Amino acid sequence: MSVQELHTKIQSTKQFLTREIVRIRTNTEGPGVLSFREIGTRMDMIHEAERVGVRNLGENQSRKLKRMMNELESIRNVSLN
């Protein structure tokens, strides 16, 4: 996955998680798949990647991000692109 593709996927994941936070706070559509804490943990990973810079991510950080995004896609059965 190229740096540009990873950046795009990170942005779409961030938007998805933000929508989930709003949905939880407004209590629409019943209980969510992810808890508020799980969303916060994933957002922290994204914010750290943005702080360091996508180009400067280490191999382990990059792998963790990709795994987290793949888990979200499998949980919700949606493509985050």
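All values derive from a computational prediction rather than experimental measurement.
Counting heavy atoms from C-beta outward, Met69 and Leu6 have side chains that approach closer than 4.5 Å. Side-chain contact check for His7 versus Arg55: every heavy-atom pair is 4.5 Å or farther apart. Side-chain contact check for Val54 versus Gln4: every heavy-atom pair is 4.5 Å or farther apart. Taking the side chain as every heavy atom from C-beta outward, Leu65 and Thr13 never approach each other to under 4.5 Å. Residues Asn70 and Lys9 meet the side-chain proximity criterion, which asks for heavy atoms closer than 4.5 Å. In this structure, Ile24 and Leu34 have side chains that are not in contact, with every pair of non-hydrogen atoms separated by 4.5 Å or more.
Taking Glu38 as the reference, nothing meets the salt bridge (Lys or Arg N to Asp or Glu O under 4.0 Å) condition, with sequence neighbours excluded. With sequence neighbours left out, Gln61 forms a side chain to side chain donor-acceptor pair (under 3.5 Å) with no residue at all. Not a single salt bridge (Lys or Arg N to Asp or Glu O under 4.0 Å) links Arg37 to another residue, sequence neighbours left out.
Annotation: the span from Phe36 atom CZ to Met43 atom CE amounts to 9.5 Å, rounded to 0.5 Å. Rounded to the nearest 0.5 angstrom, Arg23 CZ and Thr18 OG1 are separated by 13.0 Å. Separation of atoms CE (Met45) and CD1 (Ile10) is listed at 9.5 Å; rounding is to 0.5 Å. The distance from the CD atom of Glu20 to the CG atom of Leu72 is 9.0 Å, given to the nearest 0.5 Å.
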Next item on the list: Apply the test side chain to side chain donor-acceptor pair (under 3.5 Å) to residues Arg63 and Asn60: give CA-CA distance (whole Å), side-chain angles for both, the deciding distance (0.1 Å), then the verdict.
Entry: CA-CA 5 Å; Arg63 209 174 325 134; Asn60 288 338; 3.1 Å; yes
